[in-house]
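Chain letters run A, B, ... following the sequence lines, proteins first and then strands; every chain starts at 1.
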2 protein chains.
Amino acid sequence: MADGASDGVMTVKDRHAALHETLRQRICLLDYPPATHLSEIALAKEFGTSRTPVRRVLARLEEEGLVQSVHGVGTIVTDADITELEQAYRLRVELTALTGTLDPVMPGDVFFKRLQALIDRAFEMGVSGTPRSFTELDMDVFQTLLELTANDPLRQVLERLYYQTKRLWLVRAIKAELDLEDEYRIFRHELEAIQIALQSGDLGAVAQVQRAHISMSFNRLVRRRSEDATG
Amino acid sequence: MADGASDGVMTVKDRHAALHETLRQRICLLDYPPATHLSEIALAKEFGTSRTPVRRVLARLEEEGLVQSVHGVGTIVTDADITELEQAYRLRVELTALTGTLDPVMPGDVFFKRLQALIDRAFEMGVSGTPRSFTELDMDVFQTLLELTANDPLRQVLERLYYQTKRLWLVRAIKAELDLEDEYRIFRHELEAIQIALQSGDLGAVAQVQRAHISMSFNRLVRRRSEDATG
DNA sequence: TTATCGTAAGATGTGCACAACTCGGCAGGA
DNA sequence: TCCTGCCGAGTTGTGCACATCTTACGATAA
């Protein structure tokens, strides 16, 4: 995990970042499913601190739309509702396209090796992987591909939108409301397409491939929903 | 100001929002110039509360890049440096264009009256307006035009980028490093162009006009900077 | 039996005291 | 004269006690 400084010292902001990342992971991997009540006291005890730093992280998570704090009630994990997140999803589609035009960065050899390792992971999992393990892989892929742009504000916004919307897929996948075999196959195909575009040196194409797949993924989520409604 | 609920009650989140808006205004209007040390105790005393709520707001302002807190040193207003904000500015340009394609909203009569009032304000100020009063007008215009899209995440990101980048102009304008007469004239022209596009019912055109002017404004800032460097 | 009110438990929000940290100034010695 | 080390004022970060608020449960009366 990100310990922060290379000295081994754990400064204040590092603790904050680590706790934030941990809780975000738990929420987005559904360790804390929607409507879960998070206890500030319990979290403080678990991480060996007091409520004060925990409250700061929870406030940030609330800004990011992952939890909601209500006075006298508790801090509740927000619902992953597709109608509420449609706007965020569509914005994410457009911002992903901007990755190819706003400060694109041609990566070095290390990046290509990491990408190959991710592709290998995807093929090793095959159809045996659980929705959760596939989401973990997807998160690693996302963080990796984020390095293809040097535009920091864009990266921050994309990261926020990614974690806001990612739970939609996992919730549906666990409820077996998605054709997992299809999802896995398409994902592997996307990774290969990205690799091909990268080897061509066309970062704009990489962005367009991602954009197309995010858009299609959302459409599959919506389609399944409307089918359920009519059926 | 935004008191929040219509009951007249001042709930917790309303206090938070009001304090946040106030401090953001003071920073962006240069009441707190860059490098100003903000005292948590002084702010707490001024707003009749304790350090705790003030710290929460300052943490949010730090997330937004307007201040920076360092343990043992203080909470300092960040510098408005054009090289660091160039990425944010270019992202803002592209996101403004998305206003016309992501959930555009055709406004009603009330909106047109408000826009006309803003245009009147711009013409009344003429060349006598101070850079500060023009910035205040620009902020009102921005908040008004933000209503042309119903995409909430887009609005949030645009608002954040706006307040991050707006200080650049005001700093230069106060130092008389900009041709104010030009700036004012172009601004009035932009407002009229937006009005024309709106009356044509073309929200995409409105977005493109804004995009063009934001891009040009940035170019003027950069040009003036490079001239100073060479001269 | 049912409706209603009061009360207590438990949550977040606030205030305050103290810990941890930085930096300027000053004294002392080489 | 300059360098070094120490100290103290001032700031943010943390912990804890209390205030405030919501909700569920149960007693009580119709």
Side-chain angles (χ1 to χ4, degrees), chain A residues 3-5 7-23 26-27 32-79, chain B residues 3-5 7-23 26-27 32-79:
Chain A
D3 307 346
D7 308 359
V9 301
M10 194 71 164
T11 152
V12 171
K13 303 204 171 185
D14 292 332
R15 288 175 188 273
H16 177 78
L19 181 53
H20 174 262
E21 197 173 331
T22 300
L23 292 186
R26 291 184 183 177
I27 292 171
Y32 298 148
T36 300
H37 279 248
L38 299 183
S39 167
E40 296 180 351
I41 298 178
L43 289 174
K45 200 172 292 182
E46 175 182 353
F47 293 97
T49 178
S50 76
R51 280 179 56 209
T52 309
V54 172
R55 281 180 56 75
R56 181 168 173 156
V57 172
L58 289 178
R60 183 171 163 193
L61 288 172
E62 185 172 19
E63 286 295 319
E64 296 171 348
L66 295 182
V67 304
Q68 186 177 10
S69 293
V70 182
H71 191 183
V73 178
T75 301
I76 300 120
V77 177
T78 55
D79 190 25
Chain B
D3 307 347
D7 308 0
V9 301
M10 193 70 163
T11 155
V12 172
K13 304 206 171 185
D14 292 332
R15 288 175 187 273
H16 177 79
L19 181 52
H20 174 263
E21 198 173 331
T22 300
L23 292 186
R26 291 183 182 179
I27 292 172
Y32 299 147
T36 300
H37 280 248
L38 299 183
S39 167
E40 296 180 352
I41 298 178
L43 289 174
K45 200 173 292 182
E46 174 182 353
F47 292 97
T49 177
S50 76
R51 280 179 57 211
T52 309
V54 172
R55 281 180 57 75
R56 180 169 174 157
V57 171
L58 290 178
R60 183 171 164 194
L61 289 172
E62 185 171 20
E63 286 294 320
E64 296 170 348
L66 296 182
V67 303
Q68 186 178 7
S69 292
V70 182
H71 189 182
V73 178
T75 302
I76 301 120
V77 177
T78 56
D79 189 24

Chemist: Please report the distance, rounded to the nearest Å, between CG in L19(B) and C1' in dG13(C).
Modeler: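 Whole-Å distance recorded here is 15 Å.
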
Chemist: So if I take every side-chain heavy atom of T49(B) and compare against dT14(C), dG15(C), dT14(D), which nucleotide ends up nearest?
Modeler: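 Selected nucleotide: dG15(C).
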
Chemist: Write down the atom of L23(B), the atom of L61(B), and the distance for their closest heavy-atom approach.
Modeler: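 Minimum heavy-atom contact is CB-CD1, 3.8 Å.
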
Chemist: Would you please test E46(B) and L43(B) for side-chain contact (heavy atoms from CB on, under 4.5 Å) and show each step?
Modeler: CA-CA 5 Å; E46(B) 174 182 353; L43(B) 289 174; 4.1 Å; yes

Chemist: Is there a side-chain contact (heavy atoms from CB on, under 4.5 Å) between V54(B) and V57(B) once you walk through the steps?
Modeler: CA-CA 5 Å; V54(B) 172; V57(B) 171; 5.9 Å; no

Chemist: Pair up each side-chain donor or acceptor in residues 64-72 of chain B with any protein partner under 3.5 Å, not counting sequence neighbours, and list the distances.
Modeler:
unit_1	atom_1	unit_2	atom_2	d
E64(B)	OE1	H20(B)	NE2	2.9
E64(B)	OE2	H20(B)	NE2	3.2
E64(B)	OE2	R60(B)	NE	3.4
S69(B)	OG	T75(B)	OG1	3.0

Chemist: Under a 4.0 Å heavy-atom cut-off, which of residues 50-70 of chain A touch DNA chain C?
Modeler: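 Here the set is R51(A), R55(A), V70(A).
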
Chemist: For K45(A), does the NZ atom have more than 12 heavy-atom neighbours from other residues, nucleotides or ligands under 6.0 Å away?
Modeler: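 Not buried by this count: 12 neighbours or fewer within 6.0 Å.
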
Chemist: Given side chains that start at C-beta, do those of L38(B) and I76(B) come closer than 4.5 Å, heavy atoms only?
Modeler: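 L38(B) does not reach I76(B) side chain to side chain.
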
Chemist: With the side chain of H71(A) defined as its heavy atoms from C-beta on, choose the nearest nucleotide among dT20(D), dT14(D), dT22(D).
Modeler: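 Minimum distance to the H71(A) side chain belongs to dT20(D).
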
Chemist: Between E21(A) and R26(A), is the closest basic N to carboxylate O distance under 4.0 Å?
Modeler: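 Salt bridge: no.
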
Chemist: Could you state the atom-to-atom distance from CD1 of I76(A) to C1' of dA11(C) in whole Å?
Modeler: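 To the nearest whole Å, that distance equals 10 Å.
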
Chemist: Provide, to the nearest angstrom, the distance between the NZ atom belonging to K45(A) and the C1' atom belonging to dC16(D).
Modeler: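 Rounding to the nearest Å, NZ of K45(A) and C1' of dC16(D) are 14 Å apart.
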
Chemist: Minimum heavy-atom separation for Y32(B) and V77(B), please, with both atom names.
Modeler: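 Y32(B) and V77(B) have their closest heavy atoms at O-CG1, 3.8 Å.
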
Chemist: Could you say whether G72(A) or K13(B) is positioned toward the 5' end of DNA chain C, judged by the nucleotide with the nearest heavy atom to each?
Modeler: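 The residue whose closest nucleotide sits nearer the 5' end is G72(A).
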
Chemist: Could you please spell out the steps behind the side-chain contact (heavy atoms from CB on, under 4.5 Å) verdict for L19(B) and F47(B)?
Modeler: CA-CA 8 Å; L19(B) 181 52; F47(B) 292 97; 3.6 Å; yes

Chemist: Who pairs with T36(B) by side-chain hydrogen bond (donor to acceptor under 3.5 Å, both in side chains), at least two apart in sequence or on another chain?
Modeler: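 T36(B) satisfies side-chain hydrogen bond (donor to acceptor under 3.5 Å, both in side chains) with no other residue.
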
Chemist: If you restrict it to nitrogen or oxygen atoms, what contacts under 3.5 Å exist between nucleotides 7-9 of chain C and the protein, and what is each distance?
Modeler:
none

Chemist: Sequence neighbours excluded, which residues qualify as side-chain contact (heavy atoms from CB on, under 4.5 Å) partners of R55(B)?
Modeler: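 With neighbours one apart ignored, the set is R56(A), E40(B), R51(B).
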
Chemist: Identify, residue by residue, the members of residues 33-44 of chain B with a heavy atom below 4.0 Å from DNA chain C, and return them in order of residue number, or none.
Modeler: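 Nucleic-acid contacts, sorted: none.
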
